[in-house]
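Let me begin by presenting the structure, written as structure tokens, before commenting on it.
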Amino acid sequence: MLSPVRTSLLENLVDRLAGLPSIGRKSAQRLAYHVLAAPVEEVESLSRALIEARRGVRPCTVCGNHAEGDRCAVCLNPRRDPAQVCVVERPSDVSAFEKLGVYRGLYHVLGGTLSPLDGIGPADLNLASLFVRCENGVDEVILALGTHADGEATSTYIVQRLRDKTARITRLARGLPAGSDLEFIDDLTMKRALDGRINLG
Amino acid sequence: MGTPPHPVPGAPEPTFPVVHLDRLTLHHFRNLHGLDVHPSPGLNLVVGPNGHGKSNFLEAVHFLALAHSARTRKDKDLIAWESPADSGFVIRGEATIGTRAHIQSLEYRESGSRVRVEGLESRRLGDLLGHLLLVAFTPEDLDLLRGGPQERRRFLDVLLCQLDPSALDVLRRYRMALRQRNAALRWSGGAETEGLLEAYEATLAEAGAGILLRRREWVKKMTPLAAAFYAEIGGGAEALTLGLSIGISGKPELPETPILLAEMLSGRLRESRVRDRENGLTSVGPHRDDLLTFLDEKSVREFASQGQKRSVALALKLAAARLLEETTGLPPILLLDDVFAELDPGRRERFGALIAGRGQAFIATPRREDLPFAVEAVVRMEKGKVQPAQAEREDGAA
Ligand SMILES: [Zn+2]
């Protein structure tokens, strides 16, 4: 019989891994066996990387993107145009736009979309600081949220709140497949959507 | 076979670009496991003792094509009991659509399903819809006029998605926005609530207008077909007509354009906020629609006999199949589970004549004598397995 202690250590590891997104029970088991078979130094450097990244990466105080200090690399870049702000759901959307290399403005990362079902209202998103940012020096707010119901509702909410502000509001052109998340869209489609954005007011 | 059926007005010649399943594999689906069947492109009769998997086999075809079961609302009930933890069921079909080879599969798990259509992966069951065109005639379908409006809306919406691929996304966005607005109605955030409601109402109104206009258009197109089929199988002299009851109180005249209709819906949603917040439910919109049927202008639901209701349900399903065929140029796959026993001999004969020879069909019946036509292939099910060969040819079949 296996000793109960040993089993629970392995089970604990599998449980932790299976708790990660898009990792099922089977993959978690495979990863756990891989970890158990790997040299201890390798596992130590993996766990160090996890902790260092988690401790060292924080939301940018300006835009909410991942940052290693107060501000993220985009906000720190003096050549970016602070008059243009592109509103996205997640930091991964920022990477997708940056990969295109055509956008010269700044971002604002909401940290998700509205979803009353999940208890996520306006106060749970990084919205207040967006509205403050738009008080001064922003000419254009580009809404680049998903085209699913929650992305649309979040866009509608922002348009309502910014209606009286001076900034021009645009959203990505409807080249995007309906119901989609930005992270699954190919570069060309995304560039077309950015080039052909639509005025909302 | 008997004399050919009277042509239904506007009936196209049988077209021979076709939709048919060439191979179906199943794992852990109710009592079916490790099943690999190569059906005929014509009429397939599924035989075997009751409780050995005939209906389950048809249900699997239904699920693969239409992304839901007609027999249960809880998809997880379909997972075989003895399957390992967090495994689900798997259905995979190889088909011919028109002249193309087509593959779609579904790996259903409670923790999240995976759908593959033509090599493209998705996590949404609905993406299965609209490829393997299919119309089902199950005992549940025959109760279409007995049950609530929800079943009739689903009948319309599944048909819509098969007729017009853009309908799926509109329905999806509507359903999501509706659930979110209902949650927002119960939101305890004071001033925030109005903003949340307004945000979701914009999407509800826009998608709702899209649904209403599509439903109205297709109900209109289905009406003469359903009337002709009813005359064919009903045996009575009554005239069948269809209508759409819209989920807006006072049943106002609908504006013709999507933009005007969305504006109207948006206004109605705003007006209903106070009442809706009391009930915690959205009272306006196409989720309150119903498909209406009348025989000689009398409501079928209220006044028709059990037999008439069945005939009307059959006529609606036949009309759906014909509409699909006329619109896409492809006769859909038909599923016939236990329907012949439900019909009297006259109706059985007339109904059989309307479906035979129009493409692929899967038929399960407890009594073979009830079938008014010969079949091309027999799939014999015993204890959840196909016995003894995968399919045997029936003697003397066409
Ligand atoms: Zn930043």
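Chain naming here is simple, since letters A, B, ... match the order of the sequence lines and numbering starts at 1 in each. This one's a predicted model, so the numbers in the text were calculated from it and none came from an experiment.
Counted within 6.0 Å of CD1 on Ile259(B), heavy atoms from surrounding residues, nucleotides or ligands total 12 or fewer; the atom is thus considered open. Applying the 6.0 Å contact sphere to CZ of Arg80(A) captures more than 12 heavy atoms from other residues, nucleotides or ligands. Around the CD atom of Glu118(B), the shell of radius 6.0 Å holds more than 12 heavy atoms that belong to other residues, nucleotides or ligands.
Residue Trp187(B) comes nearest to Ile120(A) through the heavy atom pair CH2-C, 3.7 Å, listed as atom of the first residue, atom of the second, then distance. For Gln180(B) against Leu114(A), the heavy-atom pair with the smallest separation is NE2-O, 4.4 Å. Heavy-atom minimum distance, Thr203(B) versus Ala149(A): OG1-O, 4.2 Å. The heavy-atom pair separating Arg173(B) from Thr147(A) by the smallest distance is CD-O, 3.6 Å. For the residue pair Ala183(B) and Leu117(A), the shortest heavy atom distance occurs at CB-N, 3.6 Å.
No donor-acceptor pair under 3.5 Å is formed between the side chain of Glu198(B) and the backbone N or O of Tyr157(A). For Glu192(B) (side chain) and Gly121(A) (main-chain N/O), no donor-acceptor pair under 3.5 Å exists by modelled atom type.
With a 4.5 Å cut-off on non-hydrogen atoms, Arg179(B) touches chain A through its backbone and its side chain both. Both the backbone and the side chain of Ala184(B) have a heavy atom closer than 4.5 Å to some heavy atom of chain A.
Note that the CD atom of Glu206(B) and the OG1 atom of Thr156(A) stand 9.5 Å from one another [nearest 0.5 Å].
If you tally non-hydrogen atom pairs under 4.5 Å between each of Gln160(A), Lys26(A), Arg161(A) and chain B, the highest count goes to Gln160(A). When each of Gly195(B), Ala177(B), Ala207(B) is scored by its heavy-atom pairs under 4.5 Å with chain A, the top score falls to Gly195(B).
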Run the side-chain contact (heavy atoms from CB on, under 4.5 Å) test on Met176(B) and His148(A) for me, step by step, so that the C-alpha distance in whole Å, both residues' side-chain angles and the decisive distance to 0.1 Å come before the verdict.
CA-CA 9 Å; Met176(B) 196 58 209; His148(A) 42 76; over 6 Å; no
